[in-house]
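Everything on this sheet refers to the single structure shown next.
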Amino acid sequence: MPNPTYRIENIVATVNLGVDLDLDKLAERLPAAEYNPEQFPGLILRLQRPKISALIFRTGKMVCTGAKSENELKRAVKELVRLLNEHGADVPITPEIQVQNIVASGNLHAEVDIEKSALMLENSMYEPEQFPGLIYRMDDPKVVLLIFSSGKIVCTGAKKEMQVKDAVFKIHDVLKDIGALYEEVSKEEEEF
Amino acid sequence: KYRKWQQRVRVQTSYERNVIQAMNELSRISSQLGIPKACVDEAMGVYEQVLTKGLVRGRSVEAIVAACLHMACRKIGMPRSLDEISQYTRASRKEVARCFRLIARELGVRLPLSDPKLYVPRIVEQLKLSGEILKEALNILEQAKKRGLTAGKDPAGLAAAAVYIASLLRGEVRTQKEVAMAAQVTEVTVRNRYKELARELNIKIPIK
DNA sequence: ACGTTACTTTCGAAAGC
DNA sequence: GCTTTAAAAAGTAACGT
């Protein structure tokens with residue numbers, strides 16, 4: 001039976017630039033920036049490469065979303081600092097970056113009996129009228145998994161990539177143990 | 001002496017006034033949806049639990065009542081969709097759904113899994129179809145479940161598709177639009193489910 | 001009856017209302 | 001609680017053609 005696989009789809013991180021920022025000035029000088037303080041207190045800046053969005057606040061704190069790897073995240077932060085400094089800000093070149101959330105998609109490579117899973121798993125919710133996936137809150141690692149009958153999954157709430165890996169392998173074992181995993185019949189038959 | 005009486009009344013009304021408001025709201029929605037008294041009582045029971053545990057704080061009584069009603073209908077085995085219930089409240093479907101999930105989690109309520117079969121009788125009634133159609137539709141859903149075709153799908157959509165197929169097989173034809181309206185889903189959903197069920201269960205549809 | 005776009009669910013941080 | 005940002009999963013919905 002194949003191991004489950006996963007891919008990181010989005011990393012959310014906070015960055016503390018350590019200096020207050022004049023968002024009005026920045027918004028004027030950065031043509032790509034969106035800033036509607038009435039609507040939202042943060043200035044929105046989208047980078048093309050890597051494709052990342054940043055919410056920049058008056059206090060010098062920043063939220064970066066859209067990165068698919070820590071490397072991409074670091075590159076984006078460097079680029080953001082460079083952009084800010086080119087447009088009137090004066091921020092240190094090595095701000096602290098904290099990953100707050102990692103979203104990953106995955107595949108158990110087996111069909112899942114989600115009705116059975118809903119009955120067997122305590123911290124789960126399955127309401128097909130509201131959403132097609134089973135929502136499972138795992139205690140350790142503390143993440144939330146969306147599990148679909150196709151065997152595709154989504155893992156969110158992790159702060160480390162290792163937690164994603166652990167959660168994906170753990171849910172695979174849990175579902176296997178309760179007898180909720182089934183071979184994908186069509187694929188097996190095609191092989192032989 | 002009077003002050004003490006007034007305080008007591010106020011203390012009683014803080015809980016009772018809330019309960020009375022909820023009860024009024026509940027009976028209004030229930031009569032409009034034709035929900036039986038047993039279900040209304042069940043919903044009121046859930047509401048009092050929610051109120052006792054302080055889960056109503058900061059939320060609209062309406063949304064909580066709607067969520068309790070949806071929950072009670074599910075418990076009793078006479079499901080009313082969130083959309084149906086939301087149509088008779090000021091609270092949005094999204095807010096009612098959020099309250100439903102909150103109550104389910106906080107009270108640890110484990111409801112029976114949503115079953116498409118429970119949506120069939122109302123659709124059949126509304127379309128004035130026969131008991132034969134009802135049986136056939138339930139049969140189709142039974143097979144669909146065995147074949148694992150129901151996971152993740154809207155129970156109302158599955159029920160609608162089963163009734164539509166049954167109506168075609170028995171010659172008491174109703175259009176996809178009519179069935180869709182009776183089930184409160186779109187024609188597209190009826191069509192998608194109907195095609196999948198007919199294909200996967202090898203159901204041959206007679207050409208009219 | 002297509003196709004496209006958009007919404008449902010999950011997560012987390014930021015500052016302010 | 002709400003506002004904003006990004007991303008996936010699968011289903012349903014609402015447009016236009």
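Within every chain, numbering begins at 1; the chains are lettered A, B, ... in the order of the sequence lines, protein sequences first and strands thereafter.
- No hydrogens or angles considered: a donor-acceptor pair under 3.5 Å links the side chains of B/Thr189 and B/Thr186.
- Looking at heavy-atom distances under 4.0 Å, B/Arg98 makes contact with sugar-phosphate atoms alone, never a base.
- Counting any heavy atom pair closer than 4.0 Å across all strands shown, A/Ile44 reaches sugar-phosphate atoms only and no base atom.
- When rounded to the nearest whole Å, the span between CD1 of A/Ile11 and P of C/dC11 equals 19 Å.
- Following rounding to the nearest Å, A/Ile114 (CD1) and D/dA9 (P) show an atom-to-atom distance of 16 Å.
- Between A/Thr14 and C/dG12, a side-chain N or O to OP1/OP2 separation shorter than 4.0 Å is absent.
- Residue B/Arg59 is classed as having no contact, given no heavy-atom separation below 4.0 Å to the nucleic acid.
- Contact annotation: B/Arg101 side-chain N/O to C/dT9 OP1/OP2 distance is under 4.0 Å.
- Through direct or indirect side-chain contacts shorter than 4.5 Å among Ile, Leu, Val, Met, Phe, Trp and Tyr, A/Phe40 is connected to A/Val12, A/Ile44, A/Leu55, A/Phe57, A/Val63.
- To the nearest angstrom, P of C/dC11 lies 8 Å from CD1 of A/Ile135.
- The phosphate of C/dT9 has neither OP1 nor OP2 within less than 4.0 Å of any side-chain N or O from B/Arg93.
- One atom, CZ of A/Arg46, and another, P of D/dA7, lie 10 Å apart when rounded to the nearest Å.
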What donor-acceptor contacts under 3.5 angstrom involve side-chain atoms of residues 154-165 of chain B, with partners at least two apart or in another chain?
| from | atom 1 | to | atom 2 | distance (Å) |
| --- | --- | --- | --- | --- |
| B/Asp154 | OD1 | B/Ala156 | N | 3.1 |
| B/Tyr164 | OH | B/Gln176 | NE2 | 3.4 |

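- C/dC2 and D/dA9 have their C1' atoms separated by 24 Å, given to the nearest Å.
- Across all strands shown, the partner of C/dA14 is D/dT4, judged by Watson-Crick or G-U wobble contacts whose two distances both fall under 3.5 Å.
- Taking 4.0 Å as the cut-off between side-chain N and carboxylate O, A/Glu127 and B/Arg74 count as a salt-bridged pair.
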For nucleotides 12-17 of chain D, 5' to 3', base contacts (B), sugar-phosphate-only contacts (S) and non-contacts (-) with protein non-hydrogen atoms under 4.0 Å give SSS---
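- Here A/Lys51 reaches the OP1 or OP2 of D/dA7: one of its side-chain N or O atoms lies under 4.0 Å away.
- Applying the salt bridge (Lys or Arg N to Asp or Glu O under 4.0 Å) rule to pairs touching residues 76-93 of chain A yields A/Glu79-A/Arg82, A/Arg82-A/Glu86, sequence neighbours excluded.
- Side-chain atoms of A/Leu55 lie closest to C/dA14 of the nucleotides D/dC2, C/dA14, C/dC11.
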Under 3.5 Å, which protein N or O atoms sit close to an N or O of nucleotides 15-17 of chain C? Give each pair with its distance.
| from | atom 1 | to | atom 2 | distance (Å) |
| --- | --- | --- | --- | --- |
| C/dA15 | OP1 | A/Thr59 | OG1 | 2.6 |
| C/dA15 | O3' | A/Arg58 | NH2 | 3.2 |
| C/dG16 | OP1 | A/Arg58 | NE | 3.2 |
| C/dG16 | OP1 | A/Arg58 | NH2 | 2.5 |
| C/dG16 | OP2 | A/Arg58 | NH2 | 3.4 |

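- For the pair A/Leu21 CG and C/dA14 C1', the interatomic distance rounds to 13 Å; values are reported in whole Å.
- Of the listed nucleotides (C/dT10, C/dT9, C/dC11), C/dC11 has the atom at the smallest distance from the side chain of A/Asn101.
- Judged purely by distance below 3.5 Å, without hydrogens or angles, the side chains of B/Ser130 and B/Glu172 pair a donor atom with an acceptor atom.
- Among the protein residues, A/Val103 comes within range of the nucleic acid bases, having at least one heavy atom under 4.0 Å from a base atom.
- On the C1' atoms, C/dG3 is 22 Å away from D/dA8, given to the nearest whole Å.
- D/dA6 atom C1' lies 13 Å from atom CG of A/Leu73, rounded to whole Å.
- Judged by closest nucleotide on DNA chain D, B/Glu95 is the one of B/Glu95 and A/Gly106 placed further toward the 5' end.
- Between the side chains of B/Arg101 and A/Gln130, a donor-acceptor pair is found at a separation under 3.5 Å.
- When the nucleotides C/dT10, D/dT4, C/dA13 are ranked by their closest atom to the side chain of A/Gln39, D/dT4 comes out on top.
- Other members of the cluster containing B/Met78 are B/Ile76, with ILVMFWY side chains joined at under 4.5 Å, either directly or via other members.
- Using Watson-Crick or G-U wobble geometry with both donor-acceptor distances under 3.5 Å, D/dC15 finds its partner in C/dG3.
- Here the side chains of A/Leu175 and A/Ile147 are in contact, with some heavy-atom distance below 4.5 Å.
- Rounded to an integer number of Å, the gap from A/Glu34 CD to D/dA6 P is 9 Å.
- Linking Ile, Leu, Val, Met, Phe, Trp and Tyr whenever their side-chain heavy atoms come within less than 4.5 Å puts B/Leu69 and B/Ile103 in one cluster.
- Rounded to whole Å, atom C1' of D/dA7 lies 15 Å from atom CG of A/Leu145.
- A salt bridge links B/Arg98 with B/Glu95: the distance from a Lys NZ or Arg NE/NH1/NH2 to an Asp or Glu carboxylate oxygen falls below 4.0 Å.
- For the C1' atoms, the distance linking D/dT12 with C/dT9 amounts to 13 Å, nearest Å.
- Of the side-chain N and O atoms in A/Ser53, one or more sit less than 4.0 angstrom from OP1 or OP2 of D/dA6.
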